[in-house]
Asker: 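Okay, handing you the structure first.
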There are 2 protein chains.
Amino acid sequence: MASAGRRQRRKEERPGEIVEAAFEEFARSGFAATKLDDVAARAGITKGTIYLYFPSKEDLFLATVREMNRPSQENLAALTAAPQGPAMAILRSHFAFVYEQMVEDRRAREILRMLMAEVSRFPDLAERWRVEVIGPAVEALRRVVRYGIERGEFRPSAAEEFPHLLFAPVMMACTWRMMFGDDHALDRAAYLAGHLDLMERGLVRGPGEGE
Amino acid sequence: MASAGRRQRRKEERPGEIVEAAFEEFARSGFAATKLDDVAARAGITKGTIYLYFPSKEDLFLATVREMNRPSQENLAALTAAPQGPAMAILRSHFAFVYEQMVEDRRAREILRMLMAEVSRFPDLAERWRVEVIGPAVEALRRVVRYGIERGEFRPSAAEEFPHLLFAPVMMACTWRMMFGDDHALDRAAYLAGHLDLMERGLVRGPGEGE
DNA sequence: TACTAATAACTGACCAGGCAGTCAATAAGG
DNA sequence: CCTTATTGACTGCCTGGTCAGTTATTAGTA
């Protein structure tokens, strides 16, 4: 504390601190408008130091997006467990979790925004994200739907081919909040409940249906 | 044609041509990375001419977004007509139309991308878009749902409070295509059919339900 | 413990290139 | 030949990237 503001050598912590600061600036201004001097200032260092750890602005951006994506990738593992019990219960807890991750967590929203905004400059980034994050997530959802159909709980439906349809309201809430800000955010609990209600009606077998 | 490449005076057409070119460039690169020289080149003029019609780069951007939004606003009028017949039929034709507008039309997607990418730089733009375009659209959808409930076709559901839930799959398809490109686009007909199917199940009254 | 030397993390002043915005000169068109 | 839409060369600022120099830190020495 006494040395706050003084110059310090912190080889281990620097990269993380820089990425953290870079994330805030990139999220605020986008790739092109972000100034490395601002990133440095936010990290409490100078621009030169950034170049000790990252070869260029582009590399810093890539490192930032990848770093911020790590939690999502780690969370995916939990979804690959063998399903048990009612499929609808799985979906309920799954989506409660996903809302927490994507809609409530500002970082996840900003990452999405950055990816959308910079696809044309970094095409590989979007493709990588599709293959490593979104693809598996869609697949996991599809597995739950299949499981529900197999155990007779769900009727066959388009949700098997397009699990996107189930996930869509999450995306909607996410983009909504990211466009219009926290002030106009949709009421989380009511929205989630509504989402699950409509989903359930759409998926489950009717009384006299099938089998 | 004979004078192609020569300097020409075209006071009337210029603004439109410039906005058209600006749209392409802004869509490709975002606000900050777009060069006015490129916009001018695309419009077949020089940068100086742009400044005859628009006071600054920011103004050009604003004008571009507003101009590109005009069709959406005009289309809104059609949705305010008094509903007739089965509510589900209205929703079917409505969404078929919306898919055409938002998912198939590249321009609509790019506008959405631009708005999302540049909210922090142009906060007024998002707010205006919410009030003038999105708000009325949500309201129109809500009216149809209410109509369906009133005539006993639909059960009361969260779709009345959150028409967003119905619209979400459109948003999903839109962002999906804009992130991953036309190659990975979801099959339009099948996706739309699935969307409508799940929606119908979610909205309509069950056999022994209510009333 | 105190002093010195060696190491390398960090700085900040510095380019070089790029781009928004300007304006005197030019030429299209009536 | 007069008006004015258009040009294109110009300016000044900004910012990514560099690098010689500075200083925190550690290892070695007495």
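In what follows, every chain begins at residue 1, and chains take the letters A, B, ... in the order their sequences are listed.
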Asker: Run the ring pair (Phe, Tyr, Trp, His ring centres under 6.0 Å) test against B/Trp176 and tell me which residues pass, sequence neighbours left out.
Answerer: A/His164, B/Phe180

Asker: Who are the salt bridge (Lys or Arg N to Asp or Glu O under 4.0 Å) partners of A/Asp37, not counting sequence neighbours?
Answerer: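 Salt bridge (Lys or Arg N to Asp or Glu O under 4.0 Å) check on A/Asp37 returns A/Lys47.
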
Asker: Contacts to DNA chain C from residues 10-27 of chain A, heavy-atom cutoff under 4.0 Å, which residues?
Answerer: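 Hits under 4.0 Å, by residue number: A/Arg10, A/Lys11, A/Arg14.
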
Asker: Can you name the salt bridge (Lys or Arg N to Asp or Glu O under 4.0 Å) partners of B/Arg28, sequence neighbours left out?
Answerer: none

Asker: According to salt bridge (charged side-chain N to carboxylate O under 4.0 Å, His left out), does anything in residues 91-103 of chain A pair up with another residue at least two apart or in another chain? List the pairs.
Answerer: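 Matches after skipping sequence neighbours: A/Arg92-A/Glu200, A/Glu100-A/Arg188.
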
Asker: Roughly how bent is the helix from C/dT1-D/dA30 to C/dG30-D/dC1 end to end, in steps of 10 degrees, with each end axis from five pairs?
Answerer: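 End-to-end axis angle: 0°.
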
Asker: Roughly how many Å is it from CD in B/Gln8 to C1' in D/dT7, rounded to a whole number?
Answerer: 14 Å

Asker: Just to verify, what does B/Tyr51 make a ring pair (Phe, Tyr, Trp, His ring centres under 6.0 Å) with, not counting sequence neighbours?
Answerer: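 By the ring pair (Phe, Tyr, Trp, His ring centres under 6.0 Å) rule, B/Tyr51 matches no residue at all.
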
Asker: So which of residues 37-54 of chain A are in contact with DNA chain D, with a heavy-atom cut-off of under 4.0 Å?
Answerer: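 Correct list: A/Lys47, A/Tyr51.
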
Asker: Could you work out, with salt bridge (Lys or Arg N to Asp or Glu O under 4.0 Å) as the rule, every residue matching A/Arg177, not counting sequence neighbours?
Answerer: A/Glu104, A/Asp182

Asker: Under the side-chain contact (heavy atoms from CB on, under 4.5 Å) rule, collect the residues that match up with B/Pro163, sequence neighbours excluded.
Answerer: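 Only B/Val138, B/Leu141, B/Arg142 meet the side-chain contact (heavy atoms from CB on, under 4.5 Å) criterion with B/Pro163.
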
Asker: Just jot down the salt bridge (Lys or Arg N to Asp or Glu O under 4.0 Å) partners of B/Arg42, sequence neighbours excluded, or say none.
Answerer: B/Glu25

Asker: Looking at residues at least two apart in the chain, or sitting in another chain, which of them share a side-chain contact (heavy atoms from CB on, under 4.5 Å) with B/Pro123?
Answerer: none

